[in-house]
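To start, the structure under review is shown below, and the notes come after it.
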Amino acid sequence: MITGGIRVLNAGLPLIVDGVPAADVVQLDWRPPAFGDAHVAEIAVSLDDEITHDANRRAIAAVHAVRPRLVAVRPAREVIAGMGEGKVLLHAGPPLDFGRMCGPMVGALMGASLFEGWAATPAEAEQLLRSGQVELAPCHHRSAVGPMAGVISPSMPVLVVADGERRAFASLNEGLGKVLRFGAFDEEVVTRLRWMRDTLGPVLDAALEAFGPIDITSLIGQALAMGDEGHNRNVAATSLLTRRLAPTIAALPHGIEVLEFLAGNDHFVLNMSMAGAKLAMDAAIGIENSTLVTAMARNGVEFGLRVAGTGEQWFTAPVGPADGLFFPGFGIEDANPDLGDSAITETLGLGGFAMAASPAIVQFVGGTPDDALATTRSMRRITLGPHPAYMLPPLNFTGTPSGIDVLKVLDTGMLPVINTGIAHREAGVGQIGAGVVSAPSEVFLKAAVGLRHARDSR
Amino acid sequence: MAALDSTFLIARVLPRLYRDSVALMALAAATEKRAGVIRVGAVMATPGNIEILERSDMRPADLAVAPDDLVLVVRAVDADVAAEALDAAEAGLTAAEVRGGARTEQAPQTIVEGLALDDGLTVATISTPGTYAPAVVEQALRHGLHVFCFSDNVSIEDEVRLKAFAVERGLLLMGPDCGTAILDGVPLGFANVVARGSVAIVAASGTGAQEISCLLDVAGCGVSQLIGVGGRDLSSTVGGVMTDLALDMVAADDATEVIVLVSKPPAPEVAKRVLARLATLGKPAVACLLGLEDSDGPVVVRGTLEGGAIAAAELAGHPLKVDQPGSALAPTLVTGTVLGLYTGGTLASEAKIILDRAGVEHEILDLGDDEYTVGRPHPMIDPAERSSRVVQAGSRADVGVLLIDLVLGHGASVDPGTPLAEAARAARAAAAADGRDLVVIGSVCGTVGDPQDIAAQRSLLRDAGVVLFLTNAAAARYAAACATAAPLGAPAPTSKEHA
């Protein structure tokens with residue numbers, strides 16, 4: 001009577017299939033879906049149809065078709081929409097009123113105001129920001145991304161990443177120590193920003209002009225084979241980029257200064273990796289009915305999630321501090337809530353998702369290389385498919401799990417793993433550790449409701 | 001920090017040894033957990049890291065290092081503790097891998113993951129908490145699986161919606177709150193091991209379907225399919241949509257020659273429609289609708305499970321004799337009422353109908369009903385609760401007859417007869433000690449193929465003095481006879497019986 005015979009998938013009590021031959025039973029290790037929210041579980045299931053599947057196939061294909069190339073390094077005001085005139089500062093994460101911002105974010109905005117010459121003293125800078133005379137907007141709203149505080153001001157040089165007409169931007173990485181992105185804003189920080197504006201940016205731009213664009217996909221792909229995961233470990237990618245550009249840079253005025261800077265900054269390529277991921281993910285924004293996550297970003301107060309089918313809408317939830325390993329003398333009590341746009345790398349399938357490429361990183365959670373493989377495998381449960389260009393040697397060169405599906409997150413209860421740096425909660429202290437965090441479940445619950453609403457209102 | 005003044009800070013430099021900063025932070029964190037250790041630094045001695053040590057008051061004044069040295073620094077309550085911690089940290093740098101490469105496959109957790117493991121699956125059995133059942137059921141249906149939903153506490157609105165969704169796709173949604181099915185010979189949930197044969201049962205009642213399937217096994221005609229549809233399917237709200245689909249499927253099933261529909265009394269308008277439909281299936285049909293008057297027409301209607309089984313067996317060419325020749329038993333005359341302690345809901349209903357018709361005073365409890373199962377398993381799975389009630393019945397002076405069932409088969413308790421027999425013996429002993437005779441009457445719903453060994457289970461009950469019948473209806477009739485035959489205050493003779 002039943003075509004295909006009686007072959008049973010059992011969700012629940014084993015005694016229900018007591019009488020079924022064991023070979024014809026798949027027993028699930030079932031657990032409540034949607035983090036235990038039955039209402040959202042039903043919404044998620046209601047969306048799990050051919051309309052969604054088709055939209056997701058188109059969305060992930062669009063993302064994977066993007067081939068970002070680093071083409072230029074230009075002042076933000078020249079290339080980022082809406083930064084040409086007036087006092088505009090971009091920041092990491094979803095939108096947030098200045099009054100609610102965390103210490104490092106406030107410090108970075110103050111530092112940027114000082115750097116731009118909008119204020120002469122930190123007190124003036126803070127007053128200016130509090131007065132509302134500076135327009136604040138998320139980087140993500142301007143095709144840009146920035147790590148940690150992610151502050152971009154009009155004079156700052158930014159990486160210009162392109163594929164055809166598409167553009168994405170990211171700030172230049174300042175290195176470790178006292179840096180703006182961790183909220184430091186003293187003279188040392190501002191001096192470095194000036195040097196980056198006057199020397200680093202122009203030299204890199206000239207080098208790219210002379211050398212030609214850098215294919216980010218192939219560079220990151222190579223780095224994955226060399227122990228990077230494209231987020232928290234960037235030493236291989238930075239070395240590759242520096243090696244490639246060194247002959248050109250060395251011939252330029254101030255070239256050696258720039259090479260010295262690159263040699264001392266293991267994380268320089270992080271921002272390029274982020275901009276490449278941003279360019280790719282933006283290709284899916286607004287694809288109706290797609291449940292693909294297009295951005296995960298934190299502003300130090302809230303975690304924000306964007307999904308293809310709901311376009312520019314943010315789904316937010318309070319974010320806590322990352323627990324990880326701390327530099328000597330610091331602990332979780334010193335940590336700022338999670339911060340930065342860098343989770344765009346995980347959104348594409350790098351970082352935590354590519355942990356298998358980078359066993360060194362898994363030690364942040366006291367793990368072994370086996371755990372690194374397990375982490376990557378577990379992210380397969382929530383993604384739409386392997387990335388065609390980012391191969392993982394330890395997993396037989398399968399692609400890194402790419403494209404988070406909100407419905408799969410809710411179905412499995414598996415949250416995206418994000419590798420992250422940890423900032424001190426006070427402005428200016430800087431990085432105090434690094435670790436692995438999970439996105440908060442609440443944003444996925446809200447996203448399902450938002451997707452259902454979007455579907456129903458069409 | 002003034003407290004630091006009385007502590008000891010020691011460093012150890014490991015020249016030109018490289019470890020990843022992540023490994024070093026992990027090492028520091030592990031070493032910091034040692035008793036008496038206040039703080040540990042384990043870093044490559046780059047200028048940046050030395051500055052960090054400096055800022056956190058962790059740089060010994062005499063520290064001399066090169067950037068490619070590895071430095072371990074420990075602050076502890078005394079020098080010995082600090083030195084031991086340094087030793088431990090250094091040992092940790094060269095620690096062998098402790099965990100091997102072996103990796104256990106993770107069991108699938110979701111419908112999608114289960115299907116990814118085996119795309120030949122055809123049926124989902126769902127017994128999750130009722131709150132989540134609608135989502136899981138819908139997901140299974142979306143993936144083209146027939147669904148057997150054992151979960152209860154699903155709203156009737158969800159049932160209506162999901163059944164419509166299933167019918168659109170030509171899929172069975174058995175349940176919610178479906179206890180039994182036998183599809184193409186494969187039992188799901190609480191089902192007895194019955195011979196495959198020619199009669200299909202479509203059931204809105206779990207133990208009702210079990211009783212009929214067991215009697216058809218006895219009759220020798222066997223069962224082709226048993227499709228449970230959930231107890232509410234024939235309500236006016238649900239409207240019998242899954243009954244309709246199930247009837248279509250068995251009508252088209254080559255193995256099926258006779259069809260039995262079994263249900264507690266359906267909504268009248270639904271009953272009317274379903275009866276009309278049964279007449280058009282092209283196969284002989286029996287409507288076993290509990291409590292209806294028996295009638296013979298294009299569709300045979302029977303008001304008891306036993307009646308339904310006899311009619312179906314007859315149509316299938318294997319007549320079933322319930323009252324075997326020579327087994328007629330004189331009623332044991334008792335005083336007091338009939339107390340029924342049932343684990344099977346439909347069996348309880350059938351008993352009520354028979355006792356009502358006989359005009360006998362009774363109290364029939366379905367102990368599998370929600371009001372008795374809050375926070376405990378169904379009595380077919382765990383017989384303890386019913387057993388204790390049986391024992392208690394022995395001390396009730398108002399009870400003269402105790403009527404019980406015992407359901408065997410897959411899903412049921414491994415040996416339900418032993419606790420029930422003990423309880424019956426205790427109850428009868430208690431009544432006897434009080435100068436009363438308690439007649440315990442019952443039937444065993446099961447087959448010779450069931451895992452529990454029906455012959456042994458019956459012996460246990462008989463040895464405990466339980467009067468056993470082949471069918472629940474026969475047991476109820478005998479209970480009625482005992483109760484009605486009893487003139488007030490008459491002595492109750494002892495009994496022997498055979499099923």
Side-chain angles (χ1 to χ4, degrees), chain A residues 1-13 15-21 24 26-34 36 38 41-42 44-46 48-49 176-177 232-233 324-330 360-364 366 368-370 373-374 377-378 381 408 411-413 433-434, chain B residues 20 22-23 25-26 28-29 39-41 43 48 52-53 55-58 73 97 99 101 103 107-115 117-118 120-128 131-132 134-136 138-140 142 145-146 150-151 183-184 186-189 191 193 225 249 253 381 410-411:
Chain A
M1 180 176 69
I2 305 292
T3 313
I6 308 303
R7 308 214 45 243
V8 183
L9 183 57
N10 190 33
L13 308 169
L15 74 82
I16 297 296
V17 290
D18 216 15
V20 185
D24 293 330
V26 171
Q27 173 69 46
L28 296 183
D29 178 15
W30 186 88
R31 44 206 70 195
E42 285 176 38
V45 170
S46 78
D48 189 12
D49 60 8
L176 290 175
N232 256 20
R233 190 178 192 273
L325 293 176
F326 292 90
F327 296 158
F330 297 105
I361 292 293
V362 85
Q363 290 178 303
F364 277 122
T368 64
D370 279 345
L373 302 187
R377 286 196 181 98
S378 69
R381 301 178 65 203
K408 290 186 176 187
D411 195 28
T412 59
Chain B
D20 195 289
V22 186
M25 282 192 272
R39 199 175 277 175
V40 176
V43 292
I52 287 171
L53 292 179
R55 286 215 303 263
S56 57
D57 217 359
M58 287 288 283
V73 197
E97 188 182 354
R99 272 184 278 178
R103 195 175 63 87
Q109 292 177 1
T110 69
I111 298 282
V112 176
E113 290 176 357
L115 286 166
L117 204 67
D118 183 344
L121 299 170
T122 53
V123 178
T125 45
I126 294 165
S127 53
T128 67
T131 325
Y132 303 109
V136 185
E138 181 173 342
Q139 199 170 27
R142 280 189 184 278
L145 300 174
H146 297 283
F150 183 77
S151 309
L183 304 177
D184 294 330
V186 179
L188 301 175
V193 180
Q225 311 288 351
M249 288 177 73
D253 175 37
I381 301 173
H410 290 297

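By convention in this document, chain letters (A, B, ...) are assigned in the order of the sequence lines, proteins followed by strands, and residues within each chain are numbered from 1. This one's a predicted model, so the numbers in the text were calculated from it and none came from an experiment. Basis for what follows: all heavy atoms, side chains included, without hydrogens, waters or symmetry-related copies.
- Contact of the A:Asp24 side chain with the B:Val186 side chain is not registered, since no non-hydrogen atoms from C-beta on lie closer than 4.5 Å.
- Interface summary for chain B: among A:Asp48, A:Leu15, A:Leu28, the most heavy-atom pairs under 4.5 angstrom belong to A:Leu28.
- The most heavy-atom pairs under 4.5 Å with chain B, out of A:Thr412, A:Val20, A:Ile2, come from A:Ile2.
- Listed options B:Ser151, B:Ala29, B:Ala140, B:Pro134 were ranked by heavy-atom pairs under 4.5 angstrom with chain A; first place goes to B:Pro134.
- Nearest approach of A:Gly36 to B:Tyr132, heavy atoms of both residues: O-OH, 2.9 Å.
- In this structure, the portion of B:Val40 lying under 4.5 Å from any heavy atom of chain A is its backbone and not its side chain.
- Of the two parts of B:Ala191, neither the backbone nor the side chain holds a non-hydrogen atom closer than 4.5 Å to a non-hydrogen atom of chain A.
- The nearest pair of heavy atoms linking B:Ser56 to A:Gly329 is CB-CA, 4.0 Å.
- Heavy-atom distances place both the backbone and the side chain of B:Ile111 under 4.5 Å from chain A.
- For chain A, the option among B:Ile52, B:Leu121, B:Leu115 with the highest count of heavy-atom pairs below 4.5 Å is B:Leu121.
- Note on B:Glu113, B:Arg142, B:Gln139: by heavy-atom pairs under 4.5 Å with chain A, the leading option is B:Arg142.
- Between the OG1 atom of B:Thr128 and the CZ atom of A:Arg31 there is a distance of 14.0 Å, given to the nearest 0.5 Å.
- Your options are A:Leu176, A:Asp29, A:Asp49, and the one with the most heavy-atom pairs under 4.5 Å with chain B is A:Asp29.
- Between A:Val45 and B:Ala135, the shortest heavy-atom distance links the atoms CG2-O, 3.5 Å.
- A:Leu9 and B:Gly114 get closest at one heavy-atom pair: CD1-CA, 3.8 Å.
- With contacts defined as side-chain heavy-atom distances shorter than 4.5 Å, the pair A:Thr3/B:Thr122 does not qualify.
- Nearest approach of B:Asp253 to A:Met1, heavy atoms of both residues: OD1-CB, 4.1 Å.
- Neither the backbone nor the side chain of A:Ser378 comes within less than 4.5 Å of any heavy atom in chain B.
- The shortest side-chain heavy-atom distance between B:His146 and A:Ile6 does not fall under the 4.5 Å cut-off.
- Taken to the nearest 0.5 Å, the CZ atom of B:Arg55 stands 6.0 Å off from the CZ atom of A:Phe330.
- Comparing B:Gly41, B:Pro108, B:Gly411 by heavy-atom pairs within less than 4.5 Å of chain A, the highest count is held by B:Pro108.
- At a threshold of 4.5 Å between non-hydrogen side-chain atoms, the residues B:Gln109 and A:Asp411 do not count as touching.
- For a residue to count as touching a neighbouring chain, one of its non-hydrogen atoms must lie under 4.5 Å from one of that chain's; by this rule A:Leu13 touches chain B with backbone and side chain alike.
- Proximity to chain A is limited to the side chain of B:Leu117, based on heavy atoms less than 4.5 angstrom apart.
- Ionic pairing of B:Asp118 and A:Arg7 is present here: one or more N-O contacts between side-chain nitrogen and carboxylate oxygen are shorter than 4.0 angstrom.
- Here the side chains of A:Pro328 and B:Leu53 are in contact, with some heavy-atom distance below 4.5 Å.
- Counting only heavy atoms from C-beta outward, the side chains of A:Glu42 and B:Glu138 never approach each other to under 4.5 Å.
- Residue with the most contacts toward chain B among A:Pro32, A:Ala41, A:Ala44: A:Pro32 (heavy-atom pairs, distance under 4.5 Å).
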